[in-house]
Amino acid sequence: MLSGVLAKTVRDRWLAFVGGPIVIGLLLIGVMAVYAAMDLRLIRDLPEAFLALAGITPGAGPSALAYNIMYGLMGAMTIAGLAIWIGAGSIAGEERAGTLALLLANPISRTHVLVAKAAAMVVLTVLGGVILAAFAVASPTILGTSLGGADPGALVVHMTVNAMFYGFLALAIGGWTGNGGLAAGVTAGVMIVSYLAVGLLPLIEGLGNLVRIFPWYYFDGSRPLVNGIERTDLAGLLVGCVLFLLIAIAGVDRRDLRNRGVGRTMVDRLRASRWTRAAMNRLAGSAGVSHIWTRTVSEHQALVLVIGLLMAAAGVMYGVLYASIPRDVLQFGARLPKELLALIGYADMSTPQGWYQSEYFSLEAPIVMLLISILVGARALAGEEGDRTMGLLLANPVRRSRVVLEKAAAMALLTAAVGLVIILGALVGSTIGGLGLDAGDVAAASLLAMMLGLSFGGLALVLGAATGRVSVAVEGSVGLALAAYVINSFLPLSDSLAGWARVSPFYYYLTGNPLANGIDWTHLTLLAGLFLGSVALSVVLFEHRDLRQPA
């Protein structure tokens with residue numbers, strides 16, 4: 001039975017761990033080709049402090065520079081995100097789907113189920129690492145470039161162990177809480193904060209040693225791409241994996257498991273209060289389908305709350321950090337070549353607007369908006385089918401089109417809530433740091449980030465409506481989002497290909513420099529049109545498809 005749980009988990013999840021690394025590997029070849037055709041001497045001559053801020057290894061050639069960007073950041077976060085996905089859903093996902101009780105009705109203990117799920121996560125993460133390693137070795141040969149002293153194999157080993165660390169952390173949180181959204185949100189937040197801290201703290205006098213408390217340091221702090229495998233750092237991450245596994249086992253063994261539909265949501269709490277009972281009863285209705293969107297919002301409340309708190313803290317932190325980083329480091333932002341500006345969102349970090357764009361809006365804001373929108377969009381329809389609740393929902397007098405529209409409305413509401421937090425965090429940070437950011441411009445950047453997320457969330461909704469499979473919706477939308485990001489970041493470096501950047505939704509996000517120039521209404525309209533068009537297509541697809549009946 002133990003091997004059966006492991007095999008089924010691998011069979012259900014293998015496609016993501018093959019497809020994701022293949023997408024990253026193909027993008028690596030494209031980015032490496034772009035850099036191989038360029039003169040990178042200007043980048044090599046930059047101060048080491050600024051290279052550290054941009055995440056670039058000193059002396060990097062075309063291959064090493066491409067590895068830094070595609071593997072050191074995107075690849076590492078992608079494979080770690082996949083591990084988090086499995087870890088968060090290993091126990092909590094089975095509880096949500098109502099299948100854990102059926103599984104435990106067999107002669108198998110909770111511990112055995114957990115260990116089998118953890119083993120499957122390790123197997124799949126290693127599989128993804130092998131695929132990434134194959135592309136890392138093959139890419140320079142395909143393009144006729146040299147490795148330039150880089151050791152991509154060591155980088156991939158560090159990436160793989162780093163991903164396992166976050167996967168086991170999500171497993172531990174999910175094991176203790178039974179809440180997959182909370183497990184995924186907290187772990188993703190820890191990963192993002194850790195990445196930012198390792199990049200920024202060394203630039204502030206007296207704080208450099210604090211990076212050792214953040215897990216990301218043990219992935220990339222020893223620069224494995226240049227120096228090879230650092231066994232001590234890997235040992236630290238592996239010890240963390242074992243510790244989280246033991247914590248997860250203790251958590252699962254000590255608590256009552258949740259049944260599907262059991263749990264106290266935010267709406268439940270508001271309806272129980274005498275102050276808000278009347279308003280929530282009118283809002284939510286007496287029937288379970290009176291307002292589908294309220295239930296959808298409640299299902300994702302933990303994830304949004306965690307992400308919101310992290311984004312608020314990050315927004316404030318960047319205002320403080322800007323005043324702490326030496327001016328001579330930031331002033332190099334005004335003289336950077338476009339080859340390097342592509343790595344930080346084409347932002348001039350010597351200005352407060354460019355600082356927030358490169359550190360807050362170019363990376364963090366899109367990631368969290370994509371995370372929330374894609375997860376909500378993927379689960380909106382396909383999740384109901386996978387949980388066997390769509391049939392019960394549609395047995396009530398409610399049209400399929402209403403289900404789609406209310407799910408889309410919930411997605412928009414959740415992203416808007418995070419967008420508001422982003423605005424508040426940036427403005428508080430600007431006030432504390434004396435940066436003088438304009439509130440209207442910050443709101444413009446946040447609104448565009450929200451619409452960017454909804455564009456890909458709408459794509460996840462379409463894929464879920466067409467297939468009824470959460471995995472297809474997540475993998476397809478995430479893969480296209482990665483490709484769109486690379487297209488917008490690197491095609492402008494080639495005069496002949498620059499025009500093709502307009503096919504990417506990312507082009508319409510920050511190209512108009514909203515933190516300096518305010519909202520670009522044409523760009524906002526195009527992004528909104530993508531979302532509304534996706535919702536309309538989802539309605540058509542969902543109304544004309546036979547629903548899946550999971551076994």
Minimum side-chain heavy-atom gap Leu132-Leu155 below 4.5 Å: no
Any donor-acceptor pair under 3.5 Å from Ser446 side chain to Val442 backbone: no
From CA spacing to verdict: side-chain contact (heavy atoms from CB on, under 4.5 Å), Leu371, Leu375: CA-CA 6 Å; Leu371 172 66; Leu375 287 180; 3.6 Å; yes
Parallel, tilted or perpendicular: ring planes of Phe506 versus Tyr485, cut at 30 and 60 degrees: perpendicular
Among Val376, Ile374, Leu381, the one residue meeting side-chain contact (heavy atoms from CB on, under 4.5 Å) with Leu461: Leu381
Taking every non-hydrogen atom, the tightest pair across Ala248 and Ala172: CB-CA, 3.7 Å
Nearest atoms (heavy-atom pairs only) where Ala460 meets Ala378: CB-N, 3.8 Å
Check: Tyr218 side chain, Thr232 main-chain N or O, donor-acceptor pair, under 3.5 Å: no
Nearest-0.5 Å distance, CD of residue Glu475 to CH2 of residue Trp85: 5.0 Å
Backbone N/O of Gly315 and side chain of Tyr356: donor-acceptor pair under 3.5 Å: yes
Check: Tyr217 side chain, Ala197 main-chain N or O, donor-acceptor pair, under 3.5 Å: no
Verdict with supporting geometry, Met411 and Leu454, side-chain contact (heavy atoms from CB on, under 4.5 Å): CA-CA 8 Å; Met411 186 199 310; Leu454 288 176; 3.7 Å; yes
Pairwise distance OG(Ser222) to CG(Leu234) - rounded to 0.5 angstrom: 7.5 Å
pair Ile422-Phe361: side-chain heavy atoms closer than 4.5 Å: yes
Flag side-chain contact, heavy atom, 4.5 Å: Leu310 against Val306: yes
Which atom of Leu171 lies closest to which atom of Ser90, heavy atoms considered: CD1-CB, 3.5 Å
Residue pair Met450 / Thr415: nearest heavy atoms and the distance that separates them: CG-OG1, 3.5 Å
Pairwise distance CG(Leu452) to CG(Leu447) - rounded to 0.5 angstrom: 11.5 Å
Distance-minimising heavy-atom pair for Ala118 and Leu245: CB-CD1, 4.0 Å
Distance, nearest 0.5 Å, that separates CZ of Arg469 from CG of Leu15: 10.5 Å
CA sep, side-chain torsions, deciding dist, call: Leu196, Phe214, side-chain contact (heavy atoms from CB on, under 4.5 Å): CA-CA 10 Å; Leu196 294 170; Phe214 295 95; over 6 Å; no
Side-chain (His158) to main-chain (Asp233) donor-acceptor, under 3.5 angstrom: no
Validation row: Met121, Phe168 side chains within 4.5 angstrom (heavy atoms): yes
Note, Leu27 side chain near Met74 side chain (heavy atom, < 4.5 Å): no
Spacing of Thr187 atom OG1 and Phe165 atom CZ [to the nearest 0.5 Å]: 9.5 Å
Closest approach of Pro215 to Tyr166 (non-hydrogen atoms, all atoms of both residues): CB-OH, 3.4 Å
Side chain proximity check, Leu448 to Met451, heavy atoms < 4.5 angstrom: no
Check against side-chain contact (heavy atoms from CB on, under 4.5 Å), Val23 and Val478: CA-CA 10 Å; Val23 170; Val478 169; over 6 Å; no
Whether Ser373 side chain and Leu370 backbone form a donor-acceptor pair below 3.5 Å: no
Output field: ring centroids Trp216/Phe219 closer than 6.0 Å: yes
Minimum side-chain heavy-atom gap Leu82-Leu124 below 4.5 Å: no
Whether Tyr507 side chain and His523 backbone form a donor-acceptor pair below 3.5 Å: no
Distance in Å, Tyr195 OH paired with Asp220 CG, rounded so as to fall on 0.5 Å steps: 9.0 Å
Validation row: Leu237, Met164 side chains within 4.5 angstrom (heavy atoms): no
side-chain contact (heavy atoms from CB on, under 4.5 Å) partner of Phe244, chosen from Ile247, Leu246, Val242: Ile247
Main-chain N/O of Ala83 paired with Thr125 side-chain donor or acceptor, under 3.5 Å: no
Main-chain N/O of Leu527 paired to Tyr509 side chain as donor or acceptor, under 3.5 Å: no
